[in-house]
Student: 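One structure follows; several queries about it will come next.
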Number of protein chains: 2
Amino acid sequence: MVDGWLPQPATEEIELVKVMHALGDPVRMQLLSVFLDGKEHGCDLSGLGLDHLHKSTVSHHMRVLREAGVTATRTVGRNRLVQLRKADLDTRFPGLTDALLTAMGR
Amino acid sequence: MVDGWLPQPATEEIELVKVMHALGDPVRMQLLSVFLDGKEHGCDLSGLGLDHLHKSTVSHHMRVLREAGVTATRTVGRNRLVQLRKADLDTRFPGLTDALLTAMGR
DNA sequence: ATCACGGTTTGATGCTCGTCAAACAATAGG
DNA sequence: CCTATTGTTTGACGAGCATCAAACCGTGAT
């Protein structure tokens with residue numbers, strides 16, 4: 001019933017070096033590849049090759065991404081919906097998410 | 001008299017996650033801000049606020065950047081000339097260095 | 001109220017990394 | 001040849017990080 005957003009840095013507070021650090025991990029990079037479409041995603045990571053990871057480990061990586069300002073997480077019921085903060089990132093670092101989208105994905 | 005290039009990954013071998021990891025450090029980020037002009041630079045880091053760092057520490061960071069494929073280092077005499085591998089990075093990850101240049105610097 | 005579900009938090013462990021210090025290597029100059 | 005310069009390499013140390021496991025917490029269903 002609480003249904004709100006998890007804590008995250010304001011747009012102006014997003015730091016490039018922290019974003020880079022957040023993306024400098026294979027697991028988080030793979031998570032990013034899912035979020036790059038900009039849509040909301042559940043925490044079901046089946047079909048990602050992340051089955052071997054403990055749920056608390058994934059939760060940790062999700063937190064790193066969120067605290068770096070890369071993603072935003074919304075609580076609805078007992079689920080979490082995660083999405084890329086594309087607009088905010090484009091404001092702070094124009095062209096960055098586009099470059100990532102080009103480099104990854106297709 | 002040997003005057004050659006220090007070992008570095010081939011263009012196709014440059015991995016995005018390793019580049020991100022290399023850039024996920026404040027010191028290396030500051031070094032990058034110097035190299036973003038694409039020109040060759042000596043290892044004189046005066047006026048960068050890196051005076052407090054030991055020379056071996058800077059050498060370490062230079063190596064990380066080079067092994068990630070971010071920079072290329074040339075040996076001339078007893079000096080090292082370092083420059084951004086802009087063409088190679090643009091080939092692998094189009095728009096990335098431009099986005100970094102926009103985000104940092106001016 | 002009780003239970004199951006989805007996810008977080010805490011603690012512990014091992015590995016990686018940033019830093020310094022000292023030794024080393026190669027080169028330019030006397 | 002000797003010395004100074006420029007930067008690398010090695011070793012050591014401490015901090016940080018990725019991972020797991022177990023406990024915990026809010027929510028929805030029974």
Side-chain angles (χ1 to χ4, degrees), chain A residues 1-8 15 17-32 34-35 40-68 70-83, chain B residues 1-8 15 17-32 34-35 40-68 70-83:
Chain A
M1 200 196 285
V2 185
D3 280 14
W5 296 87
L6 271 60
Q8 63 179 34
E15 297 177 32
V17 63
K18 290 188 180 178
V19 172
M20 292 301 177
H21 177 262
L23 270 42
D25 177 272
V27 174
R28 291 193 290 265
M29 202 59 136
Q30 195 148 0
L31 290 174
L32 178 72
V34 175
F35 300 142
E40 284 187 321
H41 291 268
C43 290
D44 61 333
L45 28 75
S46 33
L48 277 180
L50 273 53
D51 319 8
H52 57 102
L53 289 175
H54 201 274
K55 57 177 182 174
S56 61
T57 302
V58 177
S59 180
H60 161 70
H61 287 300
M62 290 292 197
R63 162 135 79 157
V64 173
L65 287 174
R66 177 168 38 89
E67 291 183 339
V70 176
T71 57
T73 302
R74 190 162 62 99
T75 294
V76 46
R78 51 186 174 185
N79 296 317
R80 256 70 169 173
L81 292 182
V82 185
Q83 66 179 348
Chain B
M1 201 193 286
V2 185
D3 280 14
W5 296 87
L6 271 59
Q8 63 179 33
E15 296 177 33
V17 64
K18 290 188 179 177
V19 172
M20 292 301 177
H21 178 262
L23 269 45
D25 176 273
V27 174
R28 291 193 290 265
M29 203 57 138
Q30 196 148 358
L31 291 174
L32 177 72
V34 175
F35 299 142
E40 284 187 322
H41 290 268
C43 290
D44 62 330
L45 28 75
S46 35
L48 277 181
L50 272 53
D51 319 8
H52 56 102
L53 289 175
H54 200 274
K55 57 177 181 173
S56 59
T57 302
V58 177
S59 180
H60 161 69
H61 287 300
M62 291 292 197
R63 164 136 77 159
V64 173
L65 287 174
R66 177 169 34 92
E67 291 184 339
V70 177
T71 58
T73 302
R74 191 163 61 98
T75 296
V76 45
R78 50 186 175 184
N79 296 317
R80 257 69 170 175
L81 292 182
V82 184
Q83 66 178 348

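Atoms considered below: every heavy atom in the structure, side chains included; atoms not considered: hydrogens, waters and symmetry mates. Throughout, a chain's letter reflects where its sequence line sits, starting with A, and its residues are numbered from 1. All figures in this text were calculated on a predicted structure; none of them were measured in a lab.
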Student: Is any side-chain heavy atom of A:Leu81 closer than 4.5 Å to one of A:His41?
Tutor: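 They are not in contact (no side-chain heavy atoms under 4.5 Å apart), so the answer is no.
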
Student: Report the distance from atom NE2 of A:His61 to atom C1' of C:dT8, rounded to the nearest whole Å.
Tutor: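 From A:His61 NE2 to C:dT8 C1': 15 Å.
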
Student: Do the non-hydrogen side-chain atoms of A:Arg63 and A:His60 ever get within less than 4.5 Å of each other?
Tutor: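 No; the side chains remain at least 4.5 Å from each other.
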
Student: Let me know, please, whether B:Arg66 or A:Asp25 comes out on the 5' side of the other along DNA chain D by nearest nucleotide.
Tutor: B:Arg66

Student: Whole Å only: how far is the CE atom of B:Met62 from the P atom of C:dT19?
Tutor: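 Whole-Å distance recorded here is 13 Å.
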
Student: Does A:Arg63 have a side-chain nitrogen or oxygen under 4.0 Å from the phosphate oxygens OP1 or OP2 of C:dG7?
Tutor: no

Student: Does B:Ser56 make a side-chain donor-acceptor contact with the base of C:dA21, cut-off 3.5 Å?
Tutor: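 In this structure, the two groups form a donor-acceptor pair.
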
Student: To the closest 0.5 Å, what do you measure between CD (B:Glu15) and NE2 (B:His21)?
Tutor: 12.5 Å

Student: When you get a sec, tell me which of D:dC17, D:dT19, D:dT9 is the closest nucleotide to the side chain of B:Ser59?
Tutor: D:dT9

Student: Check the distance between C:dG7's C1' and A:Trp5's CH2 and give it to me in whole angstrom.
Tutor: 17 Å

Student: Do A:Thr73 and A:Met62 come close enough that some side-chain heavy atom pair is under 4.5 Å?
Tutor: no

Student: Among A:Leu32, A:Asp25, A:Leu23, A:Val82, which residue satisfies the side chain to side chain contact (heavy atoms under 4.5 Å, CB included) criterion with A:Leu65?
Tutor: A:Leu23

Student: Take atom NE2 of B:His41 and atom P of D:dG7, then tell me their distance rounded to the nearest Å.
Tutor: 14 Å

Student: If you find the nucleotide of DNA chain D closest to A:Val27 and the one closest to A:Lys55, which residue's nucleotide is nearer the 5' end?
Tutor: A:Val27

Student: Using atom CG of A:Leu50 as one end and atom P of C:dG7 as the other, report the distance to the nearest whole Å.
Tutor: 14 Å

Student: Can you tell me which nucleotide in D:dG7, D:dA18, C:dG18 comes closest to the side chain of B:Arg80?
Tutor: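 Selected nucleotide: D:dG7.
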
Student: Atom CD of A:Gln8 to atom P of C:dT8: distance rounded to whole Å?
Tutor: 14 Å

Student: Could you tell me the separation between the CG atom of A:Leu53 and the C1' atom of C:dG7, rounded to a whole number of Å?
Tutor: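 From A:Leu53 CG to C:dG7 C1': 15 Å.
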
Student: A:Arg78 has a side chain; which of D:dG7, D:dG28, C:dT8 sits nearest to it?
Tutor: D:dG28

Student: So what does A:His60 hit on the nucleic acid, given a heavy-atom distance under 4.0 Å: a base, only sugar-phosphate, or nothing?
Tutor: base

Student: To the nearest Å, give me how far apart NE2 (A:His54) and P (C:dG14) are.
Tutor: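 Those two atoms, NE2 and P, are 18 Å apart.
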
